[in-house]
Amino acid sequence: MKKVIIIAQVLFCSLTAFAQQPIQGVWNTGQENTMIEIKASGDQIEGKVLSSDNSKAKIGNVIIKDVRAERGVYKGQLYAAKRKKWMDATFARKADKLVITVSAGWKTKVIEWKAGE
């Protein structure tokens, strides 16, 4: 019986260790002091430009949309301003960073945003 309890505890601990951390919050993109706010809007999670020193950035524009939790990671779409199109992306919080992996065909790019204030 003790073995069963120990195995159950180990399984429970390993499952909670891989649980996804929420990605909501304010994030600094590291480019031109641009801050993005990610929050739940109804049953969706989306990200909008909160502030920026870039004169072309439009405050309030949605740049992250259709985010959903899937197998311990968030999946959704990120707007690529240079390409002027939406791209598939995964979002994972790691301590005070948001790690975004963008996929475009066979190419993959990893972007890190720092927690904002």
Side-chain angles (χ1 to χ4, degrees):
M1 186 65 171
K2 287 183 182 180
K3 289 181 182 178
V4 171
I5 292 172
I6 291 171
I7 291 171
Q9 287 176 335
V10 169
L11 286 174
F12 177 75
C13 289
S14 65
L15 288 175
T16 55
F18 291 109
Q20 59 204 23
Q21 294 183 11
I23 61 171
Q24 287 89 339
V26 177
W27 299 97
N28 185 336
T29 66
Q31 296 180 350
E32 299 186 55
N33 201 28
T34 301
M35 304 296 275
I36 306 299
E37 182 178 27
I38 300 176
K39 63 182 180 178
S41 176
D43 60 345
Q44 294 282 324
I45 296 173
E46 65 181 21
K48 295 181 179 182
V49 178
L50 187 62
S51 64
S52 181
D53 291 341
N54 182 345
S55 61
K56 294 181 182 179
K58 295 179 183 169
I59 307 303
N61 264 10
V62 175
I63 66 157
I64 296 173
K65 68 176 186 176
D66 300 333
V67 178
R68 65 205 172 283
E70 203 173 287
R71 296 183 188 165
V73 71
Y74 291 92
K75 293 185 178 186
Q77 295 201 323
L78 175 71
Y79 186 71
K82 290 181 182 177
R83 294 180 180 229
K84 296 183 181 179
K85 68 178 194 175
W86 290 94
M87 305 189 82
D88 293 331
T90 59
F91 306 87
R93 185 179 198 148
K94 296 193 179 174
D96 66 340
K97 292 183 181 175
L98 182 64
V99 180
I100 305 167
T101 306
V102 182
S103 300
W106 53 274
K107 286 187 174 184
T108 301
K109 182 176 182 176
V110 177
I111 303 166
E112 287 187 0
W113 293 352
K114 293 182 181 178
E117 293 161 22

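What you see is a predicted model, and the numbers here were worked out from it, not measured in a lab.
Here the CD1 atom belonging to I111 is positioned 14.0 Å from the CH2 atom belonging to W27, to the nearest 0.5 angstrom. Atom CD of E112 sits about 13.0 Å away from atom OG1 of T29, to the nearest 0.5 Å. Remark: Y74 OH to I38 CD1 distance equals 10.0 Å, nearest 0.5 Å. Note that OG1 of T34 and CG of D53 are 7.0 Å apart. Values are rounded to the nearest 0.5 Å. Taken to the nearest 0.5 Å, the CD atom of E46 stands 10.0 Å off from the CD atom of E37. The distance from the NZ atom of K56 to the CG atom of N61 is 14.0 Å, given to the nearest 0.5 Å.
No continuous path of ILVMFWY side-chain contacts below 4.5 Å connects V102 to V99, so the two sit in separate hydrophobic clusters. The same ILVMFWY cluster, assembled from side-chain heavy atoms under 4.5 Å apart, contains both V62 and I59.
Residues forming a side-chain hydrogen bond (donor to acceptor under 3.5 Å, both in side chains) with D66 (at least two apart in sequence, or on another chain): none.
A pairwise comparison of heavy atoms in K39 and Q24 identifies CA-CG, 3.8 Å as the closest pair. Scanning both residues, A80 and M87, for their nearest heavy atoms gives CB-SD, 3.7 Å. When all heavy atoms are compared, the tightest approach of V49 to K58 is CB-O, 3.6 Å.
More than 12 heavy atoms of other shown residues, nucleotides or ligands fall within 6.0 angstrom of atom NZ in K65.
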| field | Test side-chain contact (heavy atoms from CB on, under 4.5 Å) applied to N28 and M35, step by step | value | CA-CA 5 Å; N28 185 336; M35 304 296 275; 3.6 Å; yes

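A distance-only check finds no donor-acceptor pair linking the side chain of R93 to the backbone of I23 [under 3.5 Å].
Q77 has its side chain within reach of D88: a pair of non-hydrogen atoms, C-beta onward, lies under 4.5 Å apart. Side chains of N54 and Q31 form no contact here, defined as non-hydrogen atoms less than 4.5 Å apart. Residues I36 and L98 form no side-chain contact, since every pair of their non-hydrogen atoms from C-beta on lies 4.5 Å or further apart.
For residues 81-110, every residue pair satisfying the ring pair (Phe, Tyr, Trp, His ring centres under 6.0 Å) rule, not counting sequence neighbours, is listed here: Y79-W86.
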